[in-house]
Amino acid sequence: MEKILEVIDLRVYYDLPQGSVKAIDGVDLDVVKGEILGIAGESGSGKSTLALTVSGLLRPPAKVVSGKVLFNGVDILKLKNDELRSIRGSKIGMIFQDPNTYLNPIYTVGFQVGEVFEAHRGGSLRKYLDEVVKLFKAVKIADPERRVNAYPHQMSGGMKQRVLISMAIAGEPELIVADEPTSALDVTVQAEIVELLNEIRDRMNTSVIFITHDLALLLEISNRVAIMYAGKLVEVGKSSEMLKDPLHPYTKALLSSLRYERKKKLASIKGSIPSLINPPSGCRFHMRCPYALPKCSQVEPKLVDVNGRKVACFLVGDGYGGSDKSH
Ligand code: SF4
C-alpha cells in the first residue's frame, strides 16, 4: 500500500524554564493513502504535538530535536516557510478543535474560505464565491447561498466546524490532519461531522489522521489506531483487532475505562502521565501498570511487530519487547 506520510524516529521537545519537555520521544509511524489513522491517548501523551509537527505548524518553544516527517517522500521538517505554506491547504488540510481560534470574527465565512482558493489558485476572491457555495453544500451547511455572507458569530459551533472542514478540503488535500475536531460539539453533531469526514475520504481518497482522546469514537471510524503514552507509541494496529483483543496494558486500561464509562461507573486509569521533563526509566507506563515486572522500571521495551500489530511491552510477543533479552 502506498505510504503518503512516514514519521521516522521523531523527537520534539519544548524548552521551558523548568527543563526540556520530551513531548514526542522517538516515534515511528506511517499513513497509507485513503486510510483513516486514529491517534489516541490521554492529555499530555504527545498526540497534538504530533499533529502540529505533521502540519508544519510547530512554533517555539517547541523544537524538533531529531527525526524526519516524509510527506510523499519529501521531509517537511526541512522545508522553508513559503514551501510549507504552499503544502498546507493544497496538500495537507487541518481541522482543529476550536473553530473560533481559526475563524476571523471580522470577515464573512465565505470570504475566509474563498481566500483558500485564492491563495492556491490565484485570481480574485469574487470568482470563487460559487465554489464556496458548492463546498458549503458538500459539507451540508444549510442555505449555503445565504450562509457565505454570515460572520462566524452568527453560526452555531457545528456550523463553524463545517466551515473549517470546507477550508481544509478547499485545496483537495491528500492528507487531512484533524485534531480533536469534534470534542467541542454535542453527540449528534459529532456523529454528523464524523460521517462527513468519512464521505470526504471516500470521495477524494484523502488520508485522514484523526486525533482524539475518545478511543471509542476512533475504533469506530478508523482503519488503524495508534495509541500514544507519554511521548511514545505503545500499540499500533487495525481498529477491529484492537477492539477485540487489545495487547498493551495501557490500551486494555483505556478500553476497560470506556466500558466502565458506559456503565456510568468510574472512568479513569489509576495515576497520571509522568513528568516528561524527567520521564521515568524503563517502560514509561510502569508506575501505573498492574502487570509490571521488576525489569520494566529499568529497561525500555521497543515497539515490535506481533502478528501484524506493533506493541511495546515485555509481556507481549517474544516476551522481551525486542529489547534487552538478558533480563
Ligand atoms: Fe507493563 Fe512492563 Fe508491559 Fe510496560 S513493559 S506495559 S510496565 S508489563
Side-chain angles (χ1 to χ4, degrees), residues 7-13 21-29 37-50 67 211-216 218-219 222 224-261 266-327:
V7 175
I8 302 167
D9 197 24
L10 182 68
R11 282 165 218 276
V12 180
Y13 296 175
V21 178
K22 297 163 185 72
I24 298 181
D25 210 9
V27 162
D28 292 274
L29 191 64
L37 173 76
I39 301 182
E42 293 164 281
S43 298
S45 60
K47 52 193 193 317
S48 290
T49 301
L50 187 59
I211 294 175
T212 176
H213 61 279
D214 186 344
L215 184 56
L218 271 194
L219 289 169
S222 309
R224 289 188 305 140
V225 168
I227 308 286
M228 285 194 81
Y229 184 78
K232 290 188 176 280
L233 285 174
V234 295
E235 184 163 358
V236 184
K238 286 188 186 154
S239 308
S240 51
E241 291 174 4
M242 226 187 271
L243 182 63
K244 234 186 309 161
D245 181 26
L247 296 178
H248 194 281
Y250 181 58
T251 317
K252 286 183 191 180
L254 282 178
L255 275 171
S256 67
S257 60
L258 276 178
R259 284 163 191 150
Y260 273 119
E261 195 170 15
L266 191 66
S268 66
I269 302 170
K270 191 180 70 154
S272 54
I273 290 210
S275 157
L276 295 182
I277 293 179
N278 289 306
S281 58
C283 171
R284 291 191 177 178
F285 189 55
H286 79 259
M287 287 179 292
R288 302 171 78 186
C289 180
Y291 314 103
L293 309 166
K295 69 174 175 181
C296 294
S297 60
Q298 293 147 33
V299 185
E300 185 183 336
K302 297 219 167 89
L303 197 69
V304 293
D305 201 279
V306 182
N307 302 326
R309 195 112 43 108
K310 289 199 169 124
V311 191
C313 175
F314 293 119
L315 294 179
V316 180
D318 64 4
Y320 294 94
S323 187
D324 186 346
K325 298 197 177 197
S326 66
H327 291 258

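In listed order, ligands and their atoms are each counted from 1. Here, residue 1 is the first one in the sequence, and each next residue gets the next number.
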Item to complete: Examine ligand 1 and decide if any of its atoms is less than 4.0 Å from a heavy atom belonging to His248.
Response: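 Yes, His248 has a heavy atom closer than 4.0 Å to ligand 1.
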Worksheet item: Going by an N to O cut-off under 4.0 Å, is there a salt bridge joining Asp305 and Lys310?
Response: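 Judged by the 4.0 Å cut-off on N to carboxylate O distance, Asp305 and Lys310 do not form a salt bridge.
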Worksheet item: Is Lys47 salt-bridged to Glu42, going by a charged N under 4.0 Å from an acidic O?
Response: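 Salt bridge absent between Lys47 and Glu42.
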Worksheet item: Going from OG on Ser275 to NZ on Lys22, what distance comes out if it is rounded to the nearest 0.5 angstrom?
Response: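 Rounded to the nearest 0.5 Å, the OG-NZ separation comes out at 8.0 Å.
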Worksheet item: Can you tell me how far the CZ atom of Arg309 sits from the CG atom of Leu303, to the nearest 0.5 Å?
Response: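 Arg309 CZ to Leu303 CG: 12.0 Å, rounded to 0.5 Å.
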Worksheet entry | Any donor-acceptor N or O pair under 3.5 Å, side chains Tyr229, Arg288 |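 A donor-acceptor contact under 3.5 Å links the two side chains.
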Discussion item. Restricting to under 2.8 Å, identify the protein N, O or S atoms around atom 2 (Fe) of ligand 1 as residue plus atom.
Written reply: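 Counting only protein N, O or S atoms under 2.8 Å from atom 2 (Fe) of ligand 1, the list reads Cys296 SG.
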Worksheet item: Among all residues two or more places apart in sequence or in another chain, which pass the side-chain hydrogen bond (donor to acceptor under 3.5 Å, both in side chains) test with Lys232?
Response: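 So Lys232 forms a side-chain hydrogen bond (donor to acceptor under 3.5 Å, both in side chains) with Glu300.
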